[in-house]
Amino acid sequence: MKILYFAWVREKIGKSQEELEIPNSVSTVADLISWLETKGPEYRAAFENKETNNSAIKQSHVDHRTPLNNASEIAFFPPVTGG
Amino acid sequence: MKILYFAWVREKIGKSQEELEIPNSVSTVADLISWLETKGPEYRAAFENKETNNSAIKQSHVDHRTPLNNASEIAFFPPVTGG
Amino acid sequence: MTIRIQTEDFDITKEINLLKEERSKCGKEDVGAIVTFTGTVRDMAGKTPISSMSLEHYPGMTEKQLEAIAEEANKRWPLLGTTIIHRIGELNPGDNIVLVITLSSHRHAAFEAADFLMDFLKSKAPFWKKEQPLEGEANWVDARDSDKKSLTRWEK
Amino acid sequence: MTIRIQTEDFDITKEINLLKEERSKCGKEDVGAIVTFTGTVRDMAGKTPISSMSLEHYPGMTEKQLEAIAEEANKRWPLLGTTIIHRIGELNPGDNIVLVITLSSHRHAAFEAADFLMDFLKSKAPFWKKEQPLEGEANWVDARDSDKKSLTRWEK
């Protein structure tokens with residue numbers, strides 16, 4: 001699965017994207033966050049305040065209960081501040 | 001008194017302005033309209049539907065009950081349609 | 001604050017830049033939101049094709065009314081610049097008629113003030129439009145009830 | 001409908017004319033109202049002087065979201081043209097950030113649609129701003145509660 005990070009989520013994790021094999025036990029966005037947090041303190045820092053983390057699957061906003069359903073791409077980012 | 005006419009009021013009366021001596025008995029805008037109507041059919045045509053006639057004294061909108069108070073200039077015109 | 005009545009066309013970008021520069025001269029770059037409204041001539045009046053339009057106004061009163069409207073908008077919203085330009089004379093379909101610009105720090109003030117300015121201009125500024133149909137005699141445009149109703153949105 | 005993400009600046013008059021020409025090609029001059037909103041960089045973030053700002057976005061998702069927002073606006077109002085242009089990269093105080101243009105036959109549709117487009121762009125389009133203060137480290141801009149609240153105005 002391709003995982004993208006933007007803005008301060010990207011800065012805290014230290015990369016803008018990565019390709020990861022996700023275990024079968026990971027079924028929702030929330031599961032994926034919990035699994036990523038096991039990978040190191042940089043991930044725990046990025047997801048410290050989960051309510052401030054937005055996610056998108058197939059480039060559409062989703063909430064943390066959304067199933068991954070073998071999506072090929074997911075993105076994590078702070079609340080948007082354009083315009 | 002200087003009297004100005006605009007748009008179809010001007011066209012019906014056939015002039016854009018005139019300078020007239022107003023009798024002392026004419027004290028309000030409504031009085032002035034009634035007095036103008038005695039001056040000829042072109043004035044009667046211009047003021048036929050009084051509610052569609054707007055007037056301005058000292059370049060501010062006034063209603064027909066407003067006293068003239070020796071104003072030096074009054075204007076008559078249809079509802080405005082700019083913009 | 002810029003208020004102009006003119007026969008010539010206007011350039012929206014240029015007019016925005018004039019307002020921005022005026023504000024910059026005060027040593028501040030606090031404009032965050034710029035709203036413009038441009039009214040243009042349509043080629044149909046209801047079901048009647050129109051070939052041209054002419055605009056008449058009451059010189060002196062027009063400027064006075066537009067200044068009063070702009071001042072009222074500046075009382076109601078924290079504006080950092082206001083422009084009202086209205087063309088007069090002969091205009092063709094597609095031509096610009098009127099331009100309103102509002103500058104503010106935040107977008108809601110700029111949007112509301114521009115909307116307000118147009119409503120008051122439509123009902124209070126002494127302009128009259130005469131439309132020339134493709135065939136037949138020119139007609140003075142009737143005032144719209146919807147414009148009068150629109151004004152009631154701003155009653156305090 | 002025009003949707004663009006770009007580093008270079010935009011010219012508002014030019015963008016309006018592109019939309020008008022596109023509509024004219026359909027053989028109609030039925031545009032009567034043009035509203036533009038331009039967002040610009042301010043030199044203060046609250047009480048902190050700002051020297052520059054940088055804008056990051058999610059390529060692909062941005063275009064998809066902006067198209068969806070523009071389509072929704074076109075469903076709700078009878079628009080005759082819509083433009084959304086958003087700049088990315090490094091910007092300075094006074095610079096343009098975003099442009100929204102709406103064309104319609106009547107002014108209320110054009111005003112409301114532009115207002116709607118900005119509200120949805122602010123809350124749904126994946127852009128992030130980072131402000132560089134005159135002194136100290138750059139900060140990611142926080143989302144505003146007022147922007148979220150503003151969205152509720154459009155609930156049907």
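A, B, ... follow the sequence lines: proteins, then strands. Residue 1 opens every chain. Here the structure is a predicted model, which is why all the values come from computation and not from measurement.
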- Message: Consider side chain to side chain contact (heavy atoms under 4.5 Å, CB included). Of E73(B), K58(B), H61(B), which one does M61(C) pass it with?
- Response: H61(B)
- Assign the ring pair W128(C) / F6(B) to parallel, tilted or perpendicular, where the plane angle (0 to 90°) is split at 30° and 60°. parallel
- Assess whether atom CD of E8(C) is packed by more than 12 heavy atoms of other residues, nucleotides or ligands within 6.0 Å. yes
- Query: In this structure, are over 12 heavy atoms from other groups packed under 6.0 Å from K39(B) atom NZ?
  - Reply: yes
- Message: Between D147(C) and chain B, with a heavy-atom cut-off of 4.5 Å, which part of the residue counts as in contact: side chain, backbone, both or neither?
- Response: neither
- Message: If you compare all heavy atoms of A143(C) against all heavy atoms of V80(B), which two are closest, and at what distance to 0.1 Å?
- Response: CB-O, 4.0 Å
- Message: Quick check for you: among S60(B), A56(B), P78(B), which has the greatest number of heavy-atom pairs under 4.5 Å with chain C?
- Response: P78(B)
- Message: Is it true that, when you exclude R153(C) itself, more than 12 heavy atoms of the residues, nucleotides or ligands shown sit nearer than 6.0 Å to its CZ?
- Response: yes
- Message: Is it the case that the side chain of T81(B) and the backbone of K129(C) share a donor-acceptor pair, with hydrogens and angles ignored and the cut-off at 3.5 Å?
- Response: yes
- What part of K64(C) lies closer than 4.5 angstrom to a heavy atom of chain B: side chain, backbone, both or neither? side chain
- Item | From N139(C) atom CG to W8(B) atom CH2, the distance as rounded to the nearest 0.5 Å | 13.5 Å
- Query: Can you tell me if CD on E19(B) sees more than 12 non-hydrogen neighbours from other groups inside 6.0 Å?
  - Reply: yes
- Query: Considering only heavy atoms from C-beta outward, does the side chain of E11(B) approach that of K130(C) to under 4.5 Å?
  - Reply: yes
- Above 12 or not: heavy atoms from other molecules or residues under 6.0 Å from CG of D63(B)? yes
